[in-house]
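Below is one structure, written out as structure tokens; the observations come after it.
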Amino acid sequence: MQKTLKERIKQIIERKVKEIYGQDVDVQLTPPRSEEYGDYATNLAFLLSKKLRKPPSEIASEFASALSEELRPIAEINVVSGFINLQIRMPILRELVYEIVHSHQSDYGESDVGGGRRVLVEFVSANPTGPLNVVSARAATVGDSLVRIMRKSGYNADAEYYVNDAGGQIRALGESVAWRLGERDEPPQDGYLGEYLIEIAKKLRDQGVSREDYGKAAAELILKSQLQSLERFGVKFDSVVRESEIRASGLVDEVFNRLKELGLVSKASDLPPQLASEYRDRNSLVLRTDLIDKNEKPRVLIRSNGEPTYFMVDLAYHYNKFQRGYEWVIDLWGPDHHGYIPRMRAGLKGLGLLENGRFDVMIVQQVNLIRDGKRVVMSKRKGEFFTMDQLIDAVGVDAARFFFLLRSANAHLDFDIDLARKLSSDNPVYYVQYVHARISSLMEHASEKGVSFDDAELEQLGLKEERTLMKKLLYFPDVVSNSARRMEPHLIPHYLLDLAGEFHNYYQKHRIVDTENKALSGARLLLAEAVRTVVHNGLELIGVSAPSRM
RNA sequence: GCCCCCGUAGCUCAACUGGAUAGAGCAUCGGAUUUCUAAUCCGAGGGUUGGGGGUUCGAGUCCCUCCGGGGGCGCCA
């Protein structure tokens, strides 16, 4: 894969630093705060200043002159108060526009920062006890977009769904079905009272499922409908793993024994007295998490009745992820699980999986449902929630996805139901989609007038607004790879809003199709087409459609 | 009591992980189209980045402390 311009420049600068100062520096190239400084800036001189014991401004001007020769064909260099700024030359930008349209197309935005690294992103993983709610919709949007963005950036990324189809909740689900079928008078204590179970109960009865299998069978039906809702939302999983499979595979024993061999397991009663006192079940077997992470306390793996805890099974599951060859494991969890991160990390570290592997948890913060200005407490058991399907019905997939990605995942989100309905007209997604539709229609208009970007004379592109647009197009692959590295999908919609704004501005100020000047029109059409391509590719990354007409 | 997240313009949020004069949208006010989509554009006002201290060439970003909001602290899953 071809390196992006930024990567090429970075390499040249690093080589030059090595050559002149004998230092290995990871050169950071960022867009400067203000446009007037140029297109890329580096703080290199400040970093070198300490090592070389020289003032930054001196290093900057000295290095800049050495560098400017090397970079002459690509960029112009200027130094302002210690910062080394690069202004990309027009021919390079014009060539970029040409390439986006003629050679990159849907590939534009790709990079190889991922280097083919295998990544597994697990998300949503809702309990199979009811329909998905808006929180799951948010997690689905973030997770799915992240996978798309990572793939674009050269990671070999897969999406996985984990199903907790074992344990007490499944029993409760089964008994709730029994209640709906009149096989018991009262719903169970932790029962699921939502009306969606009526339909499911009928189905199970018609299939002749026996009472002890109600829970498992209901869970499978619910899982199926969850995956259908997700697919409707544009989210597909590469794999679905069930807790019951992990339990049946012998993996739990394998991981437990490994931990034991590593000396990380002990009986609760054998712990030092100050730790032991915490454990009710003194015969349970605990993981010495405290030996791995001093802020953690030992955690029960196996109860005295021989039953593994959820943590034990989850640890086995995560062990399995690495076993399958993934080098980077990313989980999206709700905020109620954040206390769980250190113990999982400690467990994986204890197993030696983090020496070469990487484990990250992205906390997708909660969504508060607001109705009539007041917070609604969502409860799946009571059947009170706004489902993902209702959300899609109310605002559509595009508006919902864009809305969720507009803020970073670790920020709380108030989700106003009335706002959701209003969103169908107010959502900024239309601002971005409108650019795509506008350019599409522009192309039609141009072809009616007999003008095409094949007539383009690239030198005609030189307006300030044109340069600004070209620069924005140049940044796209950087934005995508940053978004992947930082696990922050929200950078994409923000970039698209920016780009859209620049285009609308340009369009308003300058006429594009002019039959009297085909060379100029062609050039502007080519630029417009490049913008359309990038908008299209960007929307694709977040699973939002790019309409030709609005 | 301990831990995590958040606090930035009236509101909702950015700020490329320590960079230059903290930016957008909404809302408010004022303007723009006989020509390519007005779901658009241009302009104006609006800030002690919750308070205080520290680290350094440089802090919204890192450290300490206090204040406020949310969440967590099962041998549930």
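Numbers restart at 1 for each chain; the letters A, B, ... are given by sequence-line order, proteins then strands. In what follows, every heavy atom counts, from backbone to side chain, and hydrogens, waters and symmetry copies are set aside.
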Under 4.0 Å between a Lys/Arg side-chain N and an Asp/Glu carboxylate O for [X] and [Y]?
| X | Y | value |
| --- | --- | --- |
| A/Arg524 | A/Glu466 | yes |
| A/Arg345 | A/Asp293 | no |
| A/Glu14 | A/Lys10 | yes |

Go through [options] for me and flag the one nearest to the [X] side chain.
| X | options | value |
| --- | --- | --- |
| A/His504 | B/U17, B/C41, B/U37 | B/C41 |
| A/Gln508 | B/U37, B/C57, B/A32 | B/A32 |
| A/Ser81 | B/U40, B/A20, B/C36 | B/A20 |
| A/Arg33 | B/A77, B/A20, B/U40 | B/A20 |
| A/Val80 | B/U17, B/A20, B/A14 | B/A20 |

Could you give the [atom1]-to-[atom2] distance, from [X] to [N], as a whole number of Å?
| X | N | atom1 | atom2 | answer |
| --- | --- | --- | --- | --- |
| A/Asp498 | B/A15 | CG | C1' | 11 Å |
| A/Tyr507 | B/U37 | OH | P | 5 Å |
| A/Phe83 | B/G18 | CZ | P | 14 Å |
| A/Arg407 | B/A15 | CZ | C1' | 16 Å |
| A/Lys464 | B/C41 | NZ | P | 15 Å |
| A/Met443 | B/U37 | CE | P | 12 Å |
| A/Tyr430 | B/C26 | OH | C1' | 17 Å |
| A/Arg511 | B/U37 | CZ | P | 9 Å |

Nucleotides 2-6 of chain B: which of its N/O atoms have a protein N/O under 3.5 Å away?
{"from": "B/C5", "atom 1": "O2'", "to": "A/Gln365", "atom 2": "NE2", "distance (Å)": "3.4"}
{"from": "B/C5", "atom 1": "O2'", "to": "A/Asn410", "atom 2": "O", "distance (Å)": "3.1"}

Looking at RNA chain B, which of residues 37-48 of chain A put a heavy atom within less than 4.0 Å of it? A/Tyr37, A/Ala41, A/Asn43, A/Phe46
Pairwise side-chain contact, A/Met312 with A/Leu287, heavy-atom cut-off 4.5 Å (strictly under): no
Can you tell me the base-pairing partner of B/C2? Count Watson-Crick or G-U wobble geometry only, both distances below 3.5 Å, and say none if there is no partner. B/G72
If we call it a pair only when both distances are under 3.5 Å in a Watson-Crick or G-U wobble match, what pairs with B/G7? B/C67
A/Phe403 ring centre to A/Arg407 NZ or CZ under 6.0 Å, with the angle to the axis within 45°? yes
Please state whether the base of B/A77 and the side chain of A/Asp336 form at least one donor-acceptor pair under 3.5 Å? no
How would you label the contact of A/Glu278 with the nucleic acid (heavy atoms, under 4.0 Å): base, sugar-phosphate, or nothing? base
Scan A/Pro55 against the nucleic acid and name what it touches under 4.0 Å (heavy atoms): base, sugar-phosphate only, or nothing. nothing
Hey, does the side chain of A/Ser304 reach the backbone of A/Ser284 with a donor-acceptor pair shorter than 3.5 angstrom? no
With the criterion set at under 5.5 Å between ring centres and under 30 degrees between planes, would B/A77 be stacked on A/His337? yes
